[in-house]
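Note sheet for the following structure.
Here the structure is a predicted model, which is why all the values come from computation and not from measurement.
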Amino acid sequence: MSDMLKGIAASDGVAIAKAYLLVQPDLSFDKKSVEDTAAEERRLDDALAKSTTELQAIREKAAQSLGEEEAQVFDAHLMVLSDPEMIGQIKQNIQDNKVNAEAALKEVTDMYIGMFEAMDDNAYMQERAADIRDVAKRILAHLLGVTLPNPSMINEEVVVVAHDLTPSDTAQLDRTYVKAFVTDIGGRTSHSAIMARSLEIPAIVGTKEITAKVKEGDILAVNGIDGDVIVHPTDAEKADFEAKGKAYADLKAEWDKLKHAETVTADGKHIELAANIGTPKDLEGVHNNGGEAVGLYRTEFLYMDSPDFPTEEDQYVAYKAVLEGMDGKPVVVRTMDIGGDKELPYLQLPHEMNPFLGYRALRISLSERGDDMFRTQMRALLRASVHGNLRIMFPMVATLKEFRAAKKIFDEEKAKLVSEGTSVSDTIQVGIMIEIPAAAVIADKFAKEVDFFSIGTNDLIQYTMAADRMNERVSYLYQPYNPSILRLIKNVIDASHAEGKWTGMCGEMAGDQTAVPLLVGMGLDEFSMSATSILKTRSLMKRLDTKKMTELADRALNDCDTMEEVMELVEEFTK
């Protein structure tokens, strides 16, 4: 008898295959007294070395299959493995209490996990708890001589079923064999969901009970478009899912025909569709999906993938590669956005109660500590500007004073290079990322001085709603279609247009198929998203009439009180 479960549609696609349960092995152990503490420390060192080698291999595989940006999560795991304070406490525990390495490891890591998890108003610290838990499990498995599940060894078509998928798990999924995955917990912005979209593997998260309902080898039918999964589907249900899968494949084939097409609405208005990238390697995906620009180049990955501050020459080479690779198409480069959830081992930042609201991004760049780093980046960008169509964007701008200070440094470094005889483009646009509500509210003031805006909706939504988008207990407040968010976005677009400037969007919302009609109606000029979403969005835009979408946006802004009402209105206008 079949059993239907509902979850959150996290990655589009349809699949039917047998279940592969990604279950955790028994990692139980007894606490033991030991006399030879040096031997226990050697066991710990051996387990740490094996874990490091393993994680480095996983990171390399993730970089190849998912791209550099997604692979960066494993840098945090590797940092945990090499944290001298934590490792030192484990060894001290072995020596002082004469206990086996397993017991010492668990006691110290549990203390850190508990401490970070207690900070439930701090997403960054809670993510560190998850990192430590993942790493501690790997070390413990090596101490016990137990093999952790290895999704990379899957060699037949399956649907992976798990309570949750860690970044380590997801990075090892081979799309040749893994046809979909379904989890008990998670949301659309979780690491596993984002990675699934990068891999183009259908995914459903947050079913709450899939692991309780499924046994190894059970046949599952998964619809990642609607969030439906059927355990033991009947022949009729299989046929229905197969038909949906064929319809989706046909859709993708139609989208592929738009690879070299211009993005125009039903009434002929051109709208720019751009891609978000993390490294020059990501340009292949931009071209394969018909990207018309790079709307967000996250330069922090240059810093995060380097053992020390990248030199001016290192940065120049990377920026030049992207600008030349886009062959004159616009490239929006975001200056270093370090802090929050992005750490550098060689830049010791102060510990903060809430780093997402603290010392990060432009706030570091404009400080005495970050001045050299910021000026080096400006010089590299200015030198590279002659190789393409460069636009520079400052992140986390809250006040006009901050923008003016950053622009002043840009002007100073440009003047120095010109005086040195270095060629610099005179057509560089300089803008800001709108992700802080304060900046959105006074966008009319900023619009007089900047060349463009790019709205970072991921942070703008969570800052506006005072709700961490990674916290499941308040995830219901992550509402991209809430009228308050829509009004902020409209205010920014109108402010830019009043001054003859343009506004783009580089957050998750730009590729959201429910949001796109609203954004077209509000007059958004540029949509930047993951490269795999471009063709789907181009197809949608071909069906949208801007006059009708303007009416939709006006009604959403003026007549709707809730996110649900907005969603119903969009469905009414686009069906």
Side-chain angles (χ1 to χ4, degrees), residues 9 12 188-189 225 263-274 276 295-296 433-435 437 439-441 443 452-465 467 469 476-498 501-530 533-575:
D12 290 347
R188 273 192 63 83
T189 57
I225 303 166
T263 307
V264 290
T265 61
D267 54 328
K269 180 182 179 183
H270 174 255
I271 296 174
E272 190 167 82
L273 282 191
N276 299 337
L296 172 63
M433 201 163 174
I434 297 281
E435 50 197 328
V441 170
F452 67 92
F453 294 130
S454 185
I455 304 172
T457 54
N458 297 1
D459 275 341
L460 181 64
I461 294 166
Q462 69 175 351
Y463 289 151
T464 302
M465 304 301 287
R469 60 194 170 95
Y476 71 95
L477 286 170
Y478 188 77
Q479 299 186 4
Y481 327 120
N482 187 289
S484 63
I485 303 297
L486 300 182
R487 289 184 182 189
L488 285 176
I489 291 170
K490 186 66 163 71
N491 188 59
V492 173
I493 295 170
D494 288 349
S496 69
H497 291 176
K501 312 294 175 61
W502 63 273
T503 292
M505 180 178 288
C506 56
E508 185 81 13
M509 195 172 168
D512 184 318
Q513 302 296 285
T514 299
V516 167
L518 290 162
L519 297 171
V520 168
M522 290 187 214
L524 188 71
D525 303 291
E526 179 237 48
F527 294 64
S528 191
M529 60 199 70
S530 63
S533 297
I534 289 175
L535 294 177
K536 179 180 181 181
T537 305
R538 181 168 292 154
S539 176
L540 171 60
M541 285 187 174
K542 280 169 61 72
R543 305 193 303 272
L544 303 178
D545 180 276
T546 55
K547 292 185 179 65
K548 187 178 177 184
M549 293 308 105
T550 300
E551 182 189 346
L552 163 65
D554 288 344
R555 284 185 56 184
L557 289 162
N558 298 313
D559 300 343
C560 294
D561 299 327
T562 67
M563 177 181 76
E564 290 74 19
E565 290 177 13
V566 171
M567 293 170 72
E568 289 173 10
L569 190 65
V570 172
E571 188 173 352
E572 175 191 325
F573 266 74
T574 56
K575 65 185 177 184

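Nearest heavy-atom pair across Met465 and Ser484 is SD-OG, 4.0 Å. Nearest heavy-atom pair, Pro480 versus Ile485, reported as atom, atom and distance to 0.1 Å: O-CG2, 3.7 Å. Of all heavy-atom pairs between Gly521 and Ala553, the closest is C-CB, 3.8 Å. Scanning all heavy atoms of the two residues, the minimum distance from Ile225 to Ala9 falls at O-CB, 3.5 Å. Between Tyr463 and Pro437, the shortest heavy-atom contact is CB-CD, 3.7 Å. The two atoms that bring Asn276 and Ser528 nearest to each other are OD1-OG, 2.6 Å, heavy atoms only.
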>> Please determine whether side-chain contact (heavy atoms from CB on, under 4.5 Å) holds for the pair Asn558 and Arg555, giving the CA-CA distance in whole Å, both sets of side-chain angles, and the decisive distance to 0.1 Å.
In response: CA-CA 5 Å; Asn558 298 313; Arg555 284 185 56 184; over 6 Å; no
### Message
Pair Leu557, Arg487 - check side-chain contact (heavy atoms from CB on, under 4.5 Å), show working.
### Response
CA-CA 6 Å; Leu557 289 162; Arg487 289 184 182 189; 3.7 Å; yes
* Kindly determine whether Tyr478 and Asn458 satisfy side-chain contact (heavy atoms from CB on, under 4.5 Å), including the steps that lead there. => CA-CA 9 Å; Tyr478 188 77; Asn458 297 1; 3.6 Å; yes
| CA sep, side-chain torsions, deciding dist, call: Glu508, Thr457, side chain to side chain donor-acceptor pair (under 3.5 Å) | CA-CA 7 Å; Glu508 185 81 13; Thr457 54; over 6 Å; no
side-chain contact (heavy atoms from CB on, under 4.5 Å) for Met549 and Thr265? Distances and angles first, verdict last. CA-CA 10 Å; Met549 293 308 105; Thr265 61; over 6 Å; no
Please table the atom pairs, donor to acceptor, closer than 3.5 Å between any side-chain atom in residues 561-575 and protein atoms at least two apart or in another chain.
from: Thr562; atom 1: OG1; to: Glu565; atom 2: N; distance (Å): 3.1
from: Glu565; atom 1: OE1; to: Asp561; atom 2: N; distance (Å): 2.8
from: Thr574; atom 1: OG1; to: Val570; atom 2: O; distance (Å): 2.7

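Taken to the nearest 0.5 Å, the CG atom of Leu519 stands 6.5 Å off from the CD1 atom of Ile493. Separation of atoms NE2 (His270) and OG1 (Thr263) is listed at 5.5 Å; rounding is to 0.5 Å. Distance check: Leu486 CG to Tyr481 OH gives 10.0 Å after rounding to the nearest 0.5 Å. Here the OG atom belonging to Ser454 is positioned 6.0 Å from the CH2 atom belonging to Trp502, to the nearest 0.5 angstrom. Atom-to-atom distance recorded for Thr464:OG1 and Leu488:CG is 5.0 Å, nearest 0.5 angstrom. Met529 CE to Thr537 OG1: the interatomic distance, rounded to the nearest 0.5 Å, is 4.0 Å.
Counting heavy atoms from C-beta outward, Glu526 and Met505 have side chains that stay 4.5 Å or more apart. At a threshold of 4.5 Å between non-hydrogen side-chain atoms, the residues Phe452 and Thr503 do not count as touching. The shortest distance between side-chain heavy atoms of Met541 and Ile271 falls below 4.5 Å. Contact of the Ile455 side chain with the Met433 side chain is not registered, since no non-hydrogen atoms from C-beta on lie closer than 4.5 Å. Contact of the Pro517 side chain with the Leu540 side chain is registered, since non-hydrogen atoms from C-beta on lie closer than 4.5 Å. At a threshold of 4.5 Å between non-hydrogen side-chain atoms, the residues Val520 and Leu552 do not count as touching. Contact annotation: the side chain of Asp525 approaches that of His497 to within less than 4.5 Å [non-hydrogen atoms, C-beta and beyond]. Side-chain contact check for Ile461 versus Gln479: every heavy-atom pair is 4.5 Å or farther apart.
Gln513 contributes a side-chain N or O that, together with a main-chain N or O of Gly511, makes up a donor-acceptor pair within less than 3.5 Å. Between the Ser539 side chain and the Lys536 main chain, no donor and acceptor come within less than 3.5 Å of each other.
Side-chain atoms of Thr546 and Asp267 include a donor-acceptor pair closer than 3.5 Å.
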